[in-house]
Amino acid sequence: QKEVEQDPGPLSVPEGAIVSLNCTYSNSAFQYFMWYRQYSRKGPELLMYTYSSGNKEDGRFTAQVDKSSKYISLFIRDSQPSDSATYLCAMRGGSNYQLIWGAGTKLIIKP
Amino acid sequence: KAGVTQTPRYLIKTRGQQVTLSCSPISGHRSVSWYQQTPGQGLQFLFEYFSETQRNKGNFPGRFSGRQFSNSRSEMNVSTLELGDSALYLCASSPRDGTDTQYFGPGTRLTVL
């Protein structure tokens with residue numbers, strides 16, 4: 001079993017919809033959680049960074065961490081076709097700097 | 001500031017050959033990490049270099065190696081290529097080691113025939 005599980009999709013939704021992307025993990029030591037966005041033929045770029053449990057909001061994006069359930073989510077409000085990309089979760093714990101990555105979810109926003 | 005650059009962008013090799021990929025980090029960044037990305041496995045960590053020293057290594061065979069130069073530029077080498085080495089190889093730079101804000105280059109797409 002992988003340390004981080006992420007549904008590869010694709011997830012296809014109409015423009016304007018609220019999108020929910022999720023990752024589950026097994027290592028309770030993970031404390032730092034990130035979401036990266038990767039457009040086709042580009043490298044990933046950091047979207048959201050969260051420490052421990054709770055919510056973090058940035059514009060149309062909200063990152064949520066539930067450590068008790070070992071579950072993290074990224075919500076996108078008022079989704080736009082330009083949000084179409086692959087979204088990767090990444091996390092690490094304590095003094096181990098190595099990031100553990102999810103497989104990425106391909107998101108398609110239909111105009 | 002210029003972003004992370006990787007050369008070449010595309011590469012086709014045959015089994016048994018070796019390949020060297022190059023990465024130039026963002027100016028002032030001292031940490032460089034390498035990843036292999038495939039559709040089935042996602043991003044797999046290869047190694048991280050900081051100030052010319054390998055700080056971390058992932059679970060890859062010894063055919064995969066790397067180095068970092070005094071100007072922070074990094075190279076990775078894969079010897080005796082196998083079909084399964086076909087992947088997108090991504091380089092990411094950070095201002096210092098241990099930071100989670102990694103800035104990725106566009107990657108080198110390696111195809112092994």
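Chain identifiers are assigned alphabetically (A, B, ...) following the order of the sequence lines, protein sequences preceding nucleic acid strands; residue numbering begins at 1 within each chain.
- Ring-centre distance between F45(B) and W101(A): not below the 6.0 Å cut-off.
- If you chain together hydrophobic residues whose side chains sit under 4.5 Å apart, L46(B) and L43(B) never meet in one group.
- More than 12 heavy atoms of other residues, nucleotides or ligands lie within 6.0 Å of CG in N71(B), so this atom counts as buried by the packing criterion.
- The heavy-atom pair separating R41(A) from Y10(B) by the smallest distance is CD-OH, 4.1 Å.
- The contact between L88(A) and chain B is made entirely by side chain atoms (from C-beta outward), counting heavy-atom distances below 4.5 Å.
- Taking 4.5 Å as the limit, some side-chain heavy atom of L99(A) sits within range of a side-chain heavy atom of Q102(B).
- Under a cut-off of 6.0 angstrom, the local environment of NZ in K13(B) is crowded, with over 12 non-hydrogen atoms contributed by other residues, nucleotides or ligands.
- Shortest non-hydrogen contact noted between P44(A) and L90(B) is CD-CD1, 3.9 Å.
- Contact count versus chain B (heavy atoms, under 4.5 Å) is highest, among K2(A), Q38(A), E45(A), for Q38(A).
- For chain A, the nearby part of R9(B) is the side chain; its heavy atoms alone come within less than 4.5 Å.
- More than 12 heavy atoms of other shown residues, nucleotides or ligands fall within 6.0 angstrom of atom CZ in R63(B).
- In the displayed structure, K42(A) atom NZ is contacted under 6.0 Å by at most 12 heavy atoms of other residues, nucleotides or ligands.
- To the nearest 0.5 Å, atoms OH (Y103(B)) and CG (L46(A)) are separated by 7.5 Å.
- In terms of hydrophobic clustering, with Ile, Leu, Val, Met, Phe, Trp and Tyr side chains grouped at heavy-atom distances under 4.5 Å, Y49(A) and F75(A) are assigned to different clusters.
- When hydrophobic clusters are built by joining Ile, Leu, Val, Met, Phe, Trp and Tyr residues whose side-chain heavy atoms come closer than 4.5 Å, directly or via intermediates, Y35(B) is not grouped with V19(B).
- With a 4.5 angstrom heavy-atom cutoff, Q37(B) touches chain A only via side-chain atoms.
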